[in-house]
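Presented below is the structure to which this report refers.
When reading the values below, keep in mind they use all heavy atoms of this one structure, side chains included, and skip hydrogens, waters and symmetry mates. Bear in mind the structure is a predicted one, so any value in this text is a computation, not a measurement. So you know, we letter chains A, B, ... as the sequences are listed, proteins then strands, and number each from 1.
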Number of protein chains: 2
Amino acid sequence: MNQLPCTAVPRLKIDDFDPKELSSPAIIEGFDIGKCLQWTPDYLRNTMGDKHVTVHKSDHPVLKFQPRNFTYETFQFDEFLTHAFDENCKSFFYLRSLAKAARDDVANFAVDYPELKADVEFPPLFEEDQFFSSVFRVSSADVELWTHFDTMDNYLLHIYGQKRVFLFPPKDVSNLYVIDDKPRVFELDNVSVESFPNLKNCSAWKCVLAPGDILFIPAFWFHNVKALNFSVSVNVFWKSLPSELYDAKDVYGNSALLPGQRALQSLDSTLNKLKGLPAPIKDFYIRCLILKLEALITQ
Amino acid sequence: MNQLPCTAVPRLKIDDFDPKELSSPAIIEGFDIGKCLQWTPDYLRNTMGDKHVTVHKSDHPVLKFQPRNFTYETFQFDEFLTHAFDENCKSFFYLRSLAKAARDDVANFAVDYPELKADVEFPPLFEEDQFFSSVFRVSSADVELWTHFDTMDNYLLHIYGQKRVFLFPPKDVSNLYVIDDKPRVFELDNVSVESFPNLKNCSAWKCVLAPGDILFIPAFWFHNVKALNFSVSVNVFWKSLPSELYDAKDVYGNSALLPGQRALQSLDSTLNKLKGLPAPIKDFYIRCLILKLEALITQ
C-alpha cells in the first residue's frame, strides 16, 4: 500500500494544442529550450562564481515547514554549486532564486541571472502582459520540496538532471491533510496510505522530467517535486485570471486569491456569531456550516 | 449489517441524580406520573369525544417530509381515536397537539387538554420559568416519526403502549445524511448501512419505553420514535439555555438557536466573496473553508 496509483502526465507536442485550452498537467515537447541544455556544473560555476545566493540548506533531503527542517544560508554561487553537486555531501541544498529586493520584487530570471539569460528560450504559452515571474532552481540530488500549490499557472522548464513530480488536482485539498495551506504528506514515492487513508481518495498524477521537458502545472494543482539527481530548472509563473484577483503583495505566486482571502476572513465573522454557545452546541452548528458547504461542492 | 450497534439508554432513579447534571439520554424511573396510567382508549374517547383535533394521516407508517407522505386532517377526537386504535385500519394517524392559535402559541397540555390535565403528574426536572411547552401525542401502532432534533431539552412522559426510540448525539449531524436540518435515514430498526455508510460512524442509543417511563431527550440529540403499538405520551420542552438564544417565533421548540441562524446566514455572505471565481477555484476555496471549520470540531 505504499505506491500511490497515478495517472501518467501526458506528453503533448507544442504545435498540437492551444495553450489556452490546457487545464490539466502536461509535458510539452517539441520546443527547443536553447543552449542551456549544454550547461554543466563547471560552466555554471565559472559563469557565476562570486555571485551570492541564499539557499535552503538541510540535513534531510525532504524539506518541510512544520517543523521547518532547513535554514536559509548565503553562499558564493561556486561554493553552493560544489556542495549541491557533491552526492557525498552530508547536507542538502536547494536554490529558489529571488529578486534582489526579495520582499518587494518578484524573481525574474532574465534580470536576476543576466549571465545565463541568453541560454534559455521560453515557450510562448501565454500573453506577455500575463507574465508574473521566472525562477531559477538548482537542487542537490534527492531533495524533495514540500507539497504545495501556487495560485498561478506555471511551467517548469527542466534543464539538467531528472525530477520526479507528483501532482494532485485542486479538489484533493480535501485529501492531503492540509493545515494552514500546507499538506502534511511527504515522501510520496513510498508513502504510508495506512497513516494517511484519505490519500486513497486522491487523483494523483506523476511524471519524471528529463532535460528539455516543459511541465505545465496549472494553478491550484498541488505538486511534489523531487530531484532524482543534481538538477537545474527554470520555472515561469503567469496570471491566467484577471489581474485584480491576485494579491498585489504576493511575490511568490502562491498567496491566496483575494476572493479566497476575503472568504476565509469572513468565515471568522461567521464563527463569531456562535460565540457564547456551549461547546457541544457550537460544535453542532459548525458541523451544520460544514454540511451547507459540502452541499455546494461540485467536483 | 441492518442492526445499528447501540448504547442502551440507562435507567436512573429520580432521587439518584441532579437533573441539572443530566447531559445525555436517560430513562427516569421512580416518579409516579399519576392517574393517566389508568387511561384506556374508551376513557379518552368518552372524555374528549367531540373535541376537534388536527392530526397527521398517512398510508404509510413511516412519516416523511421529503417528499411529504402525510396530510393534516381534522377529526372529532373520538373518530380519530377509533381509527388510531384500530390495528386493521389502512391509514396511520399521529396526533401532535397544538395550541388553539397554532401559529402563534405553543402547545400547553394543561391549557389545550383541561379534561386530562389532572391525570398527569410532571416530574420536577427544571425551574418553572424554563417551561416552554407540553405536547400531547397519540399514535397508531407502527407509526415512525421522521428522525429530528429539538433545540430544547425535553422529556417524553410515556403513558400507554410501547415506543421504540433511537437517539443520536449532536455530533452525528455529520453522519445522518442531513439536508435542510432533516436526516435522510428512516426505518432505523432495519436500516441499510450499505446505502448509508456514515451510519457506521454514529453513536446510536436505543430504548423501549413502557407506561410510566420518562425519557430525557437532551437538546440537539436526534431522535427517531416508533410506536410499537397504539401509544399515548405527553412530552415537555424547556429552555436550558438563556432565553435570548431561542427564536421567539418558534412554537415547536426546534427552530435553530439565534446564534446558529445568524452563523448560517453569515455563511452566505462568506460564500458571496467567492462569486465570480471559476468553478474549480470556487470549489477549491469552499473546500478550504470546510477544512478551516473541520479543524474547529472538538467532539
Engaged part of [X] at the chain B interface, taking heavy atoms whose separation is under 4.5 Å:
X	answer
A:Ser23	neither
A:Leu277	side chain
A:Leu245	side chain
A:Ala256	both
A:Ala295	neither
A:Ile179	neither
A:Pro278	side chain
A:Leu258	neither

ask   = Measuring heavy-atom distances to chain A, does B:Leu291 have an atom under 4.5 Å in its side chain, in its backbone, in both, or in neither?
value = side chain
Contact origin within B:Glu294 toward chain A - heavy atom pairs under 4.5 Å = both
What residue in [options] has the most heavy-atom pairs under 4.5 Å with chain A?
options	answer
B:Ala219, B:Pro169, B:Gly260	B:Gly260
B:Leu257, B:Asp172, B:Thr151, B:Leu241	B:Leu257
B:Ile286, B:Leu267, B:Leu271	B:Leu267
B:Val178, B:Leu296, B:Ile281	B:Ile281

Where [X] and [Y] come nearest, the two heavy atoms and their spacing:
X	Y	answer
A:Pro259	B:Leu274	O-CD2, 3.5 Å
B:Thr270	A:Ser266	OG1-OG, 2.6 Å
B:Cys288	A:Val173	SG-CG2, 4.2 Å

ask   = Can you check whether A:Ile297 reaches B:Ile290 side chain to side chain, under 4.5 Å on heavy atoms?
value = yes
key: Test item: B:Asp283 side-chain N/O and A:Thr298 main-chain N/O as donor-acceptor pair under 3.5 Å   = yes
For [X], does the [atom1] atom sit with more than 12 other heavy atoms under 6.0 Å from it, leaving out its own atoms?
X	atom1	value
A:Tyr252	OH	no
A:Glu128	CD	no
A:Asp180	CG	no

Would you compute the distance between atom [atom1] of [X] and atom [atom2] of [Y] and round it to the nearest 0.5 angstrom?
X	Y	atom1	atom2	result
B:Gln261	A:Lys273	CD	NZ	12.5 Å
A:Arg287	B:Leu176	CZ	CG	11.0 Å
A:Phe284	B:Phe222	CZ	CZ	4.5 Å

inquiry  = Under a 4.5 Å cutoff for heavy-atom pairs, which residue among A:Ala263, A:Pro170, A:Gly276, A:Pro242 has the most contacts with chain B?
reply    = A:Ala263
request  = Look at the aromatic rings of B:Phe220 and A:Tyr285 and report parallel, tilted or perpendicular, splitting at 30° and 60°.
outcome  = perpendicular
ask   = Is any side-chain N of the basic residue among B:Lys292 and A:Asp268 closer than 4.0 Å to the acidic one's carboxylate O?
value = yes
